[in-house]
Each structure stands twice: as C-alpha cells, then as structure tokens.
Amino acid sequence: MKISLKTLLFLVFHFINLSFVFGAWNTNDYLKREHSLVKPYQASGISIPFWDFTGSVMITNNYIRLTPDLQSKSGAVWNNVPCHVKNWELQVHFKVYGKGKDLFGDGMAIWYTKQPLTSGSVFGSLDFFHGLGIFLDTYANQNGPHNHGHPYLSAMVNNGSLHYDHDRDGTHTELAGCEAKFRNSEHETHLSIRYENDVLTVSTDIEGKSAWEECFTVKGVRLPTGYFFGSSATTGDLSDNHDIISMRLYELEVSDEKEEDRSNIAPAAAFFAPPRDHVDDPPPPMSGTKLYLIIVCALLGLCVCIIGGVMVFQRSQDSNRKRLY
C-alpha cells in the first residue's frame, strides 16, 4: 500500500504533536486496573467493580460527584482491593467548582489508609487515621503572619495518634504544602501523588499545560502495603461541587529495590512542618446589597426621628399657646 508524501508528513506531524502534548503523561510503569477508576463507570447497574461508595455520591456518565453544591453534604469513593504495591503513582483527574465567589468550601481529600468507608470529620473521612492523606482545602481557617492562600494542597501521615485540626488547617501535622488555584479553573485539573523509595512527591497540572508542576517533595516517608485508596469530600455552611473524573494507579518500576516486608509497619514520616498560632478569620467583606440596605434603613430611621421630633415640637408649641389663652 502506497502512502502519499502529504499523508506521511501529516502522520509524522501528528505523532510529534501528540508526543509533545502528552510527553509528561507517558509512563513506562504499569497501570493497576483493580486500583483504577476510569470511564465508563457504570459497568453493572449502579455499581463499579472494585469500588464502593458512601454518603451523597452521585454517579454520572462523565464524573462521580462526591458532594453537590449544597450545605451539609458528605460523600466518598473507596477502592475495595488492598494495594500491595510498594512504589506507586496515583494520578487523579478531579474538579472543584461552585457558585460561591467569596466564601466556599470545605474541600476534598485523597486517601491511602487502613480504614476505608469510614465517615468522619476530616473532609468526610476518619480522624486519627492510619496512612496518608492528601488534602485539597478550599476554605482558610488559619490566618496570621504565616498564612498561605487557599485553595491549598497539603499532605499528612498518621499512625492513628494524630488529630487533624481544622481550625489550624492541619498545619501542625502537615508534611508540606503549596497553594494551588484549582477551584473554578478554566482548565482540566489533575493531581499526581508519587511514592517512590520512601519519597513522596505531589504535583499538579491545573493550567492546561499537560505537564506536571511539583507542589512539594518529602523524604523519609514510610507507608505500609495493604492499605486502600479512596477520596472523600464534605460541605458545611459553605459548599462546592467536588467531582472525581478518574483515578489511575501505576506500579513504578524501581531499579535496585530492597526486599522488605511492609505489610505490618506503622506509617511514619521523618519531617513535619512547624506549627503556627491560630488567628481568627477576619469578618467577610460586606456586599454592595447589604451596604445599600443598611444605608436605606439608616435614612429611614433618620427621617422617622426628624418627623417625630417635628411632631413633638409642634405639640409643645400648641400646648404653650393654649396656656397663654
């Protein structure tokens, strides 16, 4: 079969273009399908093989919504197959958005923990957990001179003894963190969690560049095998849509890997970020509508006072005239 020069050039250009666009996404590692969540989701009725759901989760053709943009909602999706891979990378395609402009929340989390399908106070999942939590926090509880902006990405390793303090955004137990403007993004938002030779690296692709940008790297992180991957989200007085579009787990091919049984070790980390004092949030800025209503009410009150004063003054004048007569 003959191929014209024009067709050949088109194919070469198309291949080069695809290689450039998806170069950062290519991997020589192995996709673990039993730990991955990809479309189409509804393989059998409303259930998905290898995955369980709890709370306000809604499954559609294009995404799995952990929470709608409504108050007091919580939902989670959990892989029900324990992961025995020692070195891995989890790539998460997600979306967080909502109607709120000034106030919104609360956020979502990506988990690798011992206790799946357990509801709790930490972005809809268990506090005092065992394992790793990656938090996508959209509401700032912690302020002060060392305040970071939100949305904010952070990591926490827990052996079951640590409490995640929402009032401090978990800063006294985090490994590291970075600001990441993923909420209401015009681009597709992706997160990479890479765990290789006790080094945890979290990266993002939130600017439509099809390339990973490192958020932080932490050495000395020891995680057991046999834990479960999952994601959870929650809303309170503030709300957002929290969607999972896909979760792909890759087994990393690591050279000179030491043989070690990690099934019974405790999660541990050699480094934690220093704590910082809690400072209460400043009051939210007053909207134009509220300011207008306050001004109108103040003017009405002033008018009532003036009219009342005039009426009292006229009555006193009338009373004085009657006395003169």
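Heavy-atom basis, side chains included; hydrogens, waters and symmetry copies ignored.
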If you compare all heavy atoms of Lys95 against all heavy atoms of Thr189, which two are closest, and at what distance to 0.1 Å?
CA-OG1, 3.9 Å
Which atom of Trp51 lies closest to which atom of Ser36, heavy atoms considered:
NE1-O, 3.0 Å
Under the side chain to side chain contact (heavy atoms under 4.5 Å, CB included) criterion, do Val85 and Thr225 qualify, and how do the steps go?
CA-CA 6 Å; Val85 176; Thr225 56; over 6 Å; no
Applying ring-ring contact (aromatic ring centres under 6.0 Å, His included), name anything that partners Tyr227, two or more places apart in sequence or on another chain.
Tyr112
Distance only, no hydrogens: is a donor on one side chain within 3.5 Å (strictly under) of an acceptor on the other, for Asn158 and His130?
no
Could you report the tightest heavy-atom contact between Phe228 and Asn79, atom names first, then the distance?
CD2-O, 3.3 Å
Thr60/Asn62 under side-chain hydrogen bond (donor to acceptor under 3.5 Å, both in side chains): CA gap, chis, key distance, verdict:
CA-CA 5 Å; Thr60 74; Asn62 297 314; 5.4 Å; no
Where the side chain of Asn87 meets the backbone of Asn197, is there a donor-acceptor pair that is under 3.5 Å apart?
yes
Strictly by modelled atom types, are Asp106 and Thr235 linked by a side-chain donor-acceptor pair under 3.5 Å?
no
Any chance the side chains of Glu213 and Ser203 put a donor and an acceptor closer than 3.5 Å?
no
Looking only at side chains, do Glu174 and Tyr164 share a donor and an acceptor under 3.5 Å apart?
no
Residues passing the ring-ring contact (aromatic ring centres under 6.0 Å, His included) test with His84, sequence neighbours excluded, are none
Considering only NZ, NE, NH1 and NH2 on the basic side and carboxylate oxygens on the acidic side, decide whether Lys219 and Asp198 come within less than 4.0 Å.
no
Note: Asp261-Lys86 ion pair, threshold 4.0 Å (strictly below)
no
Could you tell me whether a side-chain N or O of Asn241 sits under 3.5 Å from a main-chain N or O of Asp69, the two making a donor and an acceptor?
yes
Applying ring pair (Phe, Tyr, Trp, His ring centres under 6.0 Å), run through Tyr152 and Phe135 and close with a yes or a no.
CA-CA 8 Å; Tyr152 185 72; Phe135 306 125; over 10 Å; no
Is it possible for you to check whether Arg183 lies under 6.0 Å from the centre of the six-membered ring of Tyr97, through NZ or CZ, and within 45° of that ring's axis?
no
Using every non-hydrogen atom in the two residues, find where Ile193 and Trp88 come nearest and quote the distance to one decimal.
O-CZ3, 3.5 Å
Compute whether any side-chain donor of one residue and acceptor of the other, for Trp111 and Ser231, lie under 3.5 angstrom apart.
no
Does a donor on one side chain and an acceptor on the other come within less than 3.5 Å for Thr171 and Asp169?
no
Working note: Val57 + Thr67, criterion side chain to side chain contact (heavy atoms under 4.5 Å, CB included); need CA distance, chi angles, decisive distance, verdict.
CA-CA 6 Å; Val57 171; Thr67 71; over 6 Å; no
Between the side chains of Gln91 and His190, does any donor sit under 3.5 Å from an acceptor?
no
Before you tell me yes or no, could you show the steps for Phe50 and His35 under ring pair (Phe, Tyr, Trp, His ring centres under 6.0 Å), namely the whole-Å CA-CA distance, both residues' side-chain angles and the distance that decides it to 0.1 Å?
CA-CA 7 Å; Phe50 310 124; His35 302 300; 8.2 Å; no
Arg222/Glu260 under salt bridge (Lys or Arg N to Asp or Glu O under 4.0 Å): CA gap, chis, key distance, verdict:
CA-CA 12 Å; Arg222 288 175 57 82; Glu260 179 186 3; 3.1 Å; yes
For side chain to side chain contact (heavy atoms under 4.5 Å, CB included), just list the numbers for Val218 and Val221, CA-CA rounded to whole Å, side-chain angles, deciding distance to a tenth of an Å, and then say yes or no.
CA-CA 7 Å; Val218 182; Val221 177; 3.9 Å; yes
